[in-house]
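To start, the structure under review is shown below, and the notes come after it.
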Amino acid sequence: MLPYGRQSIDESDIAAVSAVLRGDWLTTGPAVDAFEDAIARVAGTRAAVSATSGTAALHVAYAAAGLRPGDEVVTSPLTFVATAATAALLGARVVFADVDPATGNLDVDAARAALTDRTRVVTAVDYAGLPASPVELAEMAHAHGALLVEDAAHSIGSTWDGRPVGSLADLTTFSFFPTKNLTTAEGGAVVTDDPVLELAARRFKNHGLVRERAHQRTPDEGPWHQEVHTFGLNYRLPDVLAALGTSQLARLPRFVERRAQIHDRYDAGLRDLAGVRTPARSERAAPAWHLYPLRVLDGRRREVFEALRADGIGVQVNYIPAYWHPVFEDLGYRRGMCPNAERYYAEEISLPLFPDLTDADVDRVIGAVRRAVTGTAD
Ligand SMILES: *Cc1c(COP(=O)(O)O)cnc(C)c1O
């Protein structure tokens, strides 16, 4: 079965990890510092704070934003549940606003209509790698006294108006899961330009520990002393994995280029096919395409999905609207709330997309899609 996504590991990655295993630090050491510096450079931000997953990064970002019970987070339902779950875990109420029917990204007007005096955060999700109008959303959030968080699990390496993803929101989160644009096996990061948000993020991912004497309540306790002022967790990315990340980052431009070539090849091979729609683009974006979200029209998504799986093509669906999960249903969220997202979900199939896919693999997928949709040998 051709997978829908997979990592690209080479000898330089293996050497980088081996070197850490032979050294003095397995966790928080020089490889973490080097990885955070490299991420901040790619993202065009002052600081990057690494974490153990994209989910941990979202939790850290919301905690740094000061999210508390009673606060509201406005976000897209067309995302992995972690975007909403991590806010809910902090006691916030998640308010789902509908998506743009073409791109699947949070619709700016729908997000604006969902703002209340309790809105503390607006979270954009860069679906498939296409940035979600971050300039407009940041302006809107700031005018309302809220922060913009960008869930960029799909979009490290993308640009918007020529600016790198990471430099556009108050807090941007990345995931380094194996199917994402680069991997540390499990891992994630939060990037920000704001030193106050950075410090809050660093504390939350490390038990809330305050080590700077100037900030301690009883600094004369002794040289061993550290204090917790607010509760935190252990979300520290180990050196072993950070070294893999730095090694992968050196190839990110190649990964992005290959992903774009594959995306173009799918477009060229499927654009003329009746009964499907190829993904929308934006003139303002140079996306690092994480997904190729094909839309299958006329209620035929499941039939085409099953035909492709039977043909050895490991297609996926991204995503079931987040509020369809029973945990949200039990909180009173109802189907029908965001019709554009529900329709997008009902039509979507993610085709295989990863850097090591060959042109022959892509052509095989195109052939299989055409057969599945037309019901002919083509
Ligand atoms: C993958 C993903 C996450 C979670 O990242 P993990 O590293 O798997 O925890 C969050 N949001 C989106 C949109 C994702 O695709």
Side-chain angles (χ1 to χ4, degrees), residues 3-7 35 39 48-63 73-90 94 96-97 99 103-106 121-132 134 137 148-158 165-166 169 171-191 204-205 233-238 241-242 244-245 248 259 279 287-293 316-325 327-328 338 341 344-345 348 350 353-354:
Y4 92 97
R6 75 163 270 135
Q7 68 277 14
F35 183 48
I39 289 284
V49 177
S50 58
T52 47
S53 68
T55 304
L58 282 161
H59 201 190
V60 168
Y62 288 140
V73 175
V74 172
T75 193
S76 161
L78 194 71
T79 183
F80 185 56
V81 66
T83 314
T86 46
L89 278 168
L90 288 164
V94 181
F96 292 103
V99 301
T103 62
N105 277 334
L106 189 58
V121 169
V122 174
T123 305
V125 179
D126 297 339
Y127 181 82
L130 183 70
L137 287 172
L148 179 67
V149 170
E150 190 170 347
D151 180 345
H154 297 184
S155 60
I156 190 166
S158 298
V165 162
L171 292 147
T172 302
T173 65
F174 300 123
S175 164
F176 309 128
F177 188 72
T179 55
K180 302 293 165 70
N181 294 353
L182 68 100
T183 191
T184 60
E186 298 282 359
V190 182
V191 298
F204 186 74
K205 71 164 259 202
L233 289 159
N234 174 358
Y235 280 155
R236 297 187 305 259
L237 187 72
L241 301 184
L244 176 56
Q248 288 261 305
R259 284 175 174 277
W289 290 110
H290 167 59
L291 299 175
Y292 189 89
Q316 188 58 273
V317 168
N318 302 92
Y319 294 92
I320 187 168
Y323 59 81
W324 284 22
H325 286 285
V327 66
F328 281 109
C338 297
Y344 198 106
Y345 160 69
E348 200 270 348
S350 300
L353 178 53
F354 53 91

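Whatever order the structure lists ligands and atoms in, that order sets their numbers, starting from 1. Just so you know, these numbers use all the heavy atoms, side chains as well, and skip hydrogens, waters and symmetry mates.
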Donor-acceptor pairs under 3.5 Å, side chain of residues 79-89 to any protein atom, not counting sequence neighbours: which ones?
from, atom 1, to, atom 2, distance (Å)
Thr79, OG1, Thr83, OG1, 2.7
Thr83, OG1, Phe80, O, 3.2
Thr83, OG1, Asp151, OD2, 2.8
Thr86, OG1, Ala82, O, 2.8

query = Should the ring pair Tyr127 and His154 be called parallel, tilted or perpendicular, given that the plane angle runs from 0 to 90° and is split at 30 and 60?
reply = tilted

remark   = If you compare Lys180, His290, His59 by their heavy atoms, the one closest to atom 14 (C) of ligand 1 turns out to be Lys180

remark   = Of all protein heavy atoms, the one nearest atom 10 (C) of ligand 1 is Asp151 OD2, 3.6 Å

task = Locate the shortest heavy-atom distance separating Ser76 from Val125; write the atom from each residue and the value.
result = CB-CG2, 4.4 Å

ask   = Looking only at N/O atoms, are Gly54 and ligand 1 under 3.5 Å apart anywhere?
value = yes

key: For ligand 1, the portion of Ser53 having any non-hydrogen atom under 4.0 Å away   = both

request  = Indicate, as side chain, backbone, both or neither, the part of Thr55 found under 4.0 angstrom from ligand 1 when only non-hydrogen atoms are considered.
outcome  = both

ask   = Relative to ligand 1, is Glu186 under 4.0 angstrom through side chain, backbone, both or neither, heavy atoms considered?
value = neither

message = Once you measure the plane-to-plane angle for Phe96 and Phe328, does it fall in the parallel (<30°), tilted (30-60°) or perpendicular (>60°) bin?
response = perpendicular

remark   = For Thr79, the atoms of ligand 1 under 4.0 Å from one of its heavy atoms are 13 (C)

ask   = Which atoms of ligand 1 are found less than 4.0 Å from any heavy atom of Ser175?
value = 1 (C), 5 (O), 6 (P), 7 (O)

query = For atom CZ of Arg6, is the number of surrounding heavy atoms from other residues, nucleotides or ligands below 6.0 Å larger than 12?
reply = no

ask   = Is it the side chain, the backbone, both or neither of Thr83 that has a heavy atom closer than 4.0 Å to ligand 1?
value = side chain

Any donor-acceptor N/O pair, Arg259 side chain to Ala288 backbone, under 3.5 Å = no

message = Looking at every heavy atom in both Thr183 and Gln248, which two are closest together, and how far apart are they?
response = N-OE1, 3.0 Å

ask   = Nearest to atom 15 (O) of ligand 1, what protein heavy atom do you find, and at what distance?
value = His154 NE2, 2.8 Å

remark   = The answer for which part of Tyr319 has a heavy atom under 4.0 Å from ligand 1 is side chain

ask   = Any donor and acceptor pair, going by atom type alone, linking the side chain of Ser155 with main-chain N or O of Pro131 inside 3.5 Å?
value = no

